[in-house]
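What's counted below: heavy atoms across the whole structure, side chains too, no hydrogens, waters or symmetry copies.
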Amino acid sequence: MRPEPIYPKPAPYKKHFVWRLFKGLHSWFGLLSDVDFRIPIGSVQFKGLNLFLVNQPAAVKRLMVEEVEDFPKHPFTLWILEPLIGRAIFSVNGPEWARQRRLLDQAFQVAQLRKVLPQMAGAVDAMVERLDAAITQAQPTEPVTVEIDEAMTLVTADVIVRTILSRPLEGAEAAGIFEAFARYQRRAGQALMLRLLRLSERRLQAYLGRHAGTIRGWIRAAIEVRLSGPEAASAGSHNSEPAGISSPPQDLLQALIEAQDPETGSRFSEEELVDQVCFLFLAGHETSASALGMATYLVSCYPEVQQRLRAEVQQLLGSENSDRPLSFDDLRQLPYAAAVFNETLRLYPPVSFFIRESQRDSELVDRRCPMRSLVTISPWVIQRQEGQWPQPHGFQPERFLAETATPQDRQLAREAWLPFGLGPRKCPGAAFALQEAQLVLAELVRRYDLLPAEGPPPDLVGRLTLRSRNGIRVRLRRLSLNH
Ligand code: HEM
């Protein structure tokens with residue numbers, strides 16, 4: 001059996017919720033105790049607010065699929081993200097959400113996986129160039145320690161910027177954006193805890209707004225250029241000029257501009273476009289970067305997993321064409337790479353908790369859940385439930401592989417694996433994220449030997465997404481492509 005990979009062990013149960021809130025200021029995981037990983041439901045009352053943690057799969061299905069309208073996104077979701085993403089799809093409810101989802105689904109037709117592969121491949125090539133340069137600068141034959149978390153953040157942001165705006169994201173521009181978002185992440189986690197302590201909502205939001213400005217300003221500028229550019233074309237109501245000579249790029253931004261709601265005939269306004277693009281930029285890279293940072297870390301720690309992954313890629317490419325780029329069809333034939341990614345998402349779900357608000361009095365598992373309760377569903381807790389998952393903290397991609405998965409594994413994958421959420425609010429970017437992850441992992445293992453780095457392991461913290469406070473390092477040694 002493989003040794004367990006790292007994770008922040010939950011503290012022994014403490015009755016006083018204030019003590020847990022205090023720990024939660026640093027990381028959302030501080031709110032949890034060891035008991036939470038063994039029970040179907042937990043609840044606490046604090047300052048007049050009823051808080052629930054729901055782990056039982058049947059109850060989770062009720063909340064997220066069957067009775068989704070009775071458990072919409074909690075107002076805290078909007079409040080914590082509004083300075084950054086305004087009223088974008090992720091945090092709104094009801095008809096406002098339904099209209100946005102119709103428009104977004106239409107726009108996503110453009111970002112079909114086959115069509116976005118060249119953008120993904122361009123960004124991954126740029127990543128390989130950067131890694132190669134880092135290796136060449138040091139000793140080309142010796143393993144070189146790289147900050148793989150940073151590399152994954154840059155490549156995934158580059159992928160999504162190329163997909164949305166048809167241009168790369170590089171250098172100082174990227175560094176400024178990441179720094180602003182890292183600051184927002186830190187403050188947002190703290191703001192949520194301080195909000196539970198009843199600190200002024202408006203003042204906390206204004207504090208967050210300062211950090212969001214850099215990102216919104218950068219995205220607004222890109223949208224203004226498109227809307228006022230000579231090729232703004234017949235982009236709906238945004239520009240009354242006649243169509244220019246050149247046609248606009250067929251990217252996700254253009255698809256969002258042109259999307260028209262079949263029910264109301266409306267399109268996204270300019271302000272709504274800024275909100276949606278801000279959200280898609282964040283959703284499209286922050287989550288994938290978190291998952292890929294941990295996936296590469298795991299691959300560096302488990303040599304037999306890495307060998308199997310490399311063998312899968314090499315077998316697919318064959319020895320004669322071992323340096324050819326991976327095609328769309330190739331990426332559909334990497335089941336082990338998909339299993340590694342899925343198991344990483346089980347152990348380290350980038351969105352570690354979802355919060356909902358009950359709209360009426362109801363029963364949850366064995367307790368009364370009053371109207372306006374804050375109901376938490378945590379993939380982090382559910383995907384590590386003891387007594388449900390065999391070796392809940394172990395790294396076993398085989399659970400997600402058709403040839404080795406047991407009937408119990410299959411059932412758990414259906415009912416207790418929810419890194420992309422469930423039901424109508426489920427992530428529409430899941431297939432995009434999988435294709436990107438398979439491409440990145442395949443390109444890494446075919447070119448480099450990934451070795452564990454010396455020094456401290458990742459210090460995982462739960463904020464808006466799951467990230468490591470001290471970065472993630474691996475050592476890379478270049479391989480010959482024809483071996
Ligand atoms: C590993 C990568 C990703 C993970 C783990 C992830 C996870 C999630 C989760 C958990 C939700 C729903 C949360 C809830 O129910 O409260 C969500 C929503 C969403 N995600 Fe992702 N996501 C990923 C990548 C992406 C990508 C690449 C895109 C777009 C290109 C994207 C676009 C969205 C959108 C638009 C929503 C809102 C859906 C709605 O509210 O109707 N995500 N994501």
Side-chain angles (χ1 to χ4, degrees), residues 1-2 5 113-129 131-132 135 140-141 143 146 148 151-152 155-156 159 288 291-347 394-406 409-410 413 430-452 474-483:
M1 215 195 329
R2 296 182 191 117
L113 300 182
R114 194 184 284 275
K115 285 196 194 155
V116 298
L117 184 59
Q119 274 94 328
M120 280 186 185
V124 175
D125 288 349
M127 172 197 78
V128 168
E129 270 176 37
L131 294 176
D132 277 349
I135 293 176
T141 50
V146 297
I148 206 72
M152 294 301 117
V155 69
T156 52
V159 165
S288 294
L292 276 167
M294 287 314 290
T296 40
Y297 172 76
L298 289 168
V299 167
S300 78
C301 293
Y302 296 94
E304 79 288 1
V305 170
Q306 185 174 161
Q307 273 156 23
R308 185 161 176 190
L309 200 52
R310 186 171 298 121
E312 182 177 75
V313 180
Q314 283 172 347
Q315 199 182 356
L316 188 68
L317 292 170
S319 54
E320 289 178 12
N321 282 320
S322 59
D323 58 348
R324 75 169 167 83
L326 285 151
S327 69
F328 179 78
D329 293 331
D330 290 333
L331 292 170
R332 259 95 226 127
Q333 294 175 62
L334 294 172
Y336 193 64
V340 167
F341 189 58
N342 288 342
E343 177 68 342
T344 306
L345 291 172
R346 184 186 71 81
L347 286 172
F395 178 54
Q396 296 182 345
E398 297 76 15
R399 310 175 202 260
F400 290 98
L401 207 55
E403 69 217 45
T404 40
T406 64
D409 291 335
R410 282 180 229 274
F432 183 103
L434 175 62
Q435 174 169 296
E436 176 182 38
Q438 285 178 306
L439 185 62
V440 170
L441 289 174
E443 291 295 352
L444 283 174
V445 296
R446 73 192 278 206
R447 285 161 206 282
Y448 310 105
D449 204 4
L450 283 78
L451 305 159
V474 301
R475 284 182 309 144
L476 296 184
R477 182 168 46 207
R478 201 187 280 134
L479 297 168
S480 137
L481 276 184
N482 310 320
H483 84 146

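- In terms of the salt bridge (Lys or Arg N to Asp or Glu O under 4.0 Å) criterion, R475 has no residue partners (sequence neighbours excluded).
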Note to self: Show, in sequence, the C-alpha distance, side-chain angles and deciding distance for R2 and V305, and conclude whether the side chain to side chain contact (heavy atoms under 4.5 Å, CB included) test is met.
What the structure shows: CA-CA 10 Å; R2 296 182 191 117; V305 170; 3.9 Å; yes
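- Two residues are said to be in side-chain contact when any heavy atoms from C-beta on lie closer than 4.5 Å; L298 and V340 fail this criterion.
- With sequence neighbours excluded, the residues satisfying ring-ring contact (aromatic ring centres under 6.0 Å, His included) with F395 are Y302.
- Considering L326, L479, L316, L309 in turn, L326 is the only one that fulfils the side chain to side chain contact (heavy atoms under 4.5 Å, CB included) rule with R446.
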Next item on the list: Dump the intermediate steps for side chain to side chain contact (heavy atoms under 4.5 Å, CB included) on L331 and L117, then the final yes or no.
Entry: CA-CA 10 Å; L331 292 170; L117 184 59; 3.7 Å; yes
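- Separation of atoms CD (Q333) and OG (S327) is listed at 7.5 Å; rounding is to 0.5 Å.
- With 3.5 Å as the limit, one finds a donor-acceptor pair spanning the side chains of Q435 and R332.
- The side chain to side chain contact (heavy atoms under 4.5 Å, CB included) test with L334 singles out one residue from L441, V313, L439, and that residue is V313.
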Notebook entry, point to check: Between L131 and E443, is a side chain to side chain contact (heavy atoms under 4.5 Å, CB included) present by the stated rule, with each step listed?
Noted result: CA-CA 12 Å; L131 294 176; E443 291 295 352; over 6 Å; no
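- When all heavy atoms of P452 and S300 are compared, the closest pair comes out as CD-O, 3.2 Å.
- The backbone N or O of L450 sits less than 3.5 Å from a side-chain atom of Q306, completing a donor-acceptor pair.
- We find the CG-CZ distance between D132 and R447 to be 7.5 Å, quoted to the nearest 0.5 Å.
- Contacts of F400 classified as ring-ring contact (aromatic ring centres under 6.0 Å, His included), with partners at least two apart in sequence or in another chain: W417.
- Judged by a 6.0 Å distance limit and a 45° cone about the ring axis, R478 is not positioned over the six-membered ring of Y448.
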